[in-house]
Amino acid sequence: KMLGDGNKYLVGNRLTEADIRLWTTIVRFDPVYITHFKCNLGTIEYNYPNILEWTRRIYQIPGVAETFNLEHIKKHYFMSHTNINPNQIVGRSKSSQSFRSEEH
């Protein structure tokens, strides 16, 4: 709801620490949390358009994309939580392309 009220960011039209802290969780949601933690009622990419737009906006800020390594994130979760994934299987997922597909 917060992102659907015309604001570009969580608390208005200015990037804040709250945006950055939430962004680091949201970028992990579709590629990791959906399968690893069984959070599969909806995806950011297909079910939450305002969150996806906000995620893309932050990803496209100069310097942000360089801090994001999807393969490292996936390997960390799927390989280090052996109680959830004892065979350490790292599934395929889309690249970070969904964050890049629209300019903001």
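What you are looking at is a predicted structure, and each value in this text was computed from that prediction instead of being measured.
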Quiz item: Between Thr43 and Tyr46, is there a donor-acceptor pair closer than 3.5 Å when you use the side chain of the first and the backbone of the second?
Solution: yes

Quiz prompt | Separation of Trp23 CH2 from Leu15 CG (nearest 0.5 Å) | solution = 11.0 Å

Exercise. Give the intermediate values and the outcome of side chain to side chain contact (heavy atoms under 4.5 Å, CB included) for residues Thr25 and Tyr33.
Key: CA-CA 9 Å; Thr25 298; Tyr33 296 1; 3.7 Å; yes

Quiz item: In Å, rounded to the nearest 0.5 Å, how long is the span from OG1 of Thr16 to CZ of Arg14?
Solution: 7.0 Å

Quiz item: Rounded to the nearest 0.5 Å, how far apart are OG1 of Thr55 and OH of Tyr48?
Solution: 12.5 Å

Quiz item: Does any non-hydrogen side-chain atom of Pro31 lie less than 4.5 Å from one of Ile73?
Solution: no

Quiz item: Any donor-acceptor pair under 3.5 Å linking the side chain of Gln60 with the backbone of Arg57?
Solution: no

Quiz item: How would you list, by chain and number, every residue that makes a side-chain contact (heavy atoms from CB on, under 4.5 Å) with Leu22, sequence neighbours excluded?
Solution: Leu10, Ile26, Trp54

Exercise. Would you give the length of the straight line joining atom CD1 of Ile61 to atom CZ of Arg56, rounded to the nearest 0.5 angstrom?
Key: 15.0 Å

Quiz item: Who pairs with Thr24 by side-chain contact (heavy atoms from CB on, under 4.5 Å), at least two apart in sequence or on another chain?
Solution: Arg28

Exercise. Applying ring-ring contact (aromatic ring centres under 6.0 Å, His included), name anything that partners Phe78, two or more places apart in sequence or on another chain.
Key: His36

Exercise. With sequence neighbours excluded, tell me which residues meet side-chain contact (heavy atoms from CB on, under 4.5 Å) with Asn13.
Key: Asn7, Lys8

Quiz item: Between the main-chain N or O of Ile89 and the side-chain N or O of Asn87, is there a donor-acceptor pair closer than 3.5 Å?
Solution: no

Quiz item: How are the rings of His72 and His76 set relative to one another: parallel (under 30°), tilted (30 to 60°) or perpendicular (over 60°)?
Solution: parallel

Self-check item: Minimal non-hydrogen separation, Thr67 against Gly63, with atom names
Solution: CG2-O, 3.5 Å

Quiz item: If you round to the nearest 0.5 Å, how far is CD1 of Ile58 from CG of Asp19?
Solution: 4.5 Å

Practice problem: Check step by step if side chain to side chain contact (heavy atoms under 4.5 Å, CB included) holds for Tyr77 and Val90. | Solution: CA-CA 9 Å; Tyr77 279 95; Val90 180; over 6 Å; no

Exercise. Output all residues satisfying side-chain contact (heavy atoms from CB on, under 4.5 Å) with Leu41, sequence neighbours left out; order by chain, then residue number.
Key: none

Self-check item: Sequence-distant partners of Arg21, salt bridge (charged side-chain N to carboxylate O under 4.0 Å, His left out), two or more places apart
Solution: Glu17

Quiz item: With side chains defined as the heavy atoms from C-beta onward, is the minimum distance between Ile34 and Phe29 less than 4.5 Å?
Solution: yes

Quiz item: Going from CG on Asn69 to NZ on Lys75, what distance comes out if it is rounded to the nearest 0.5 angstrom?
Solution: 8.5 Å

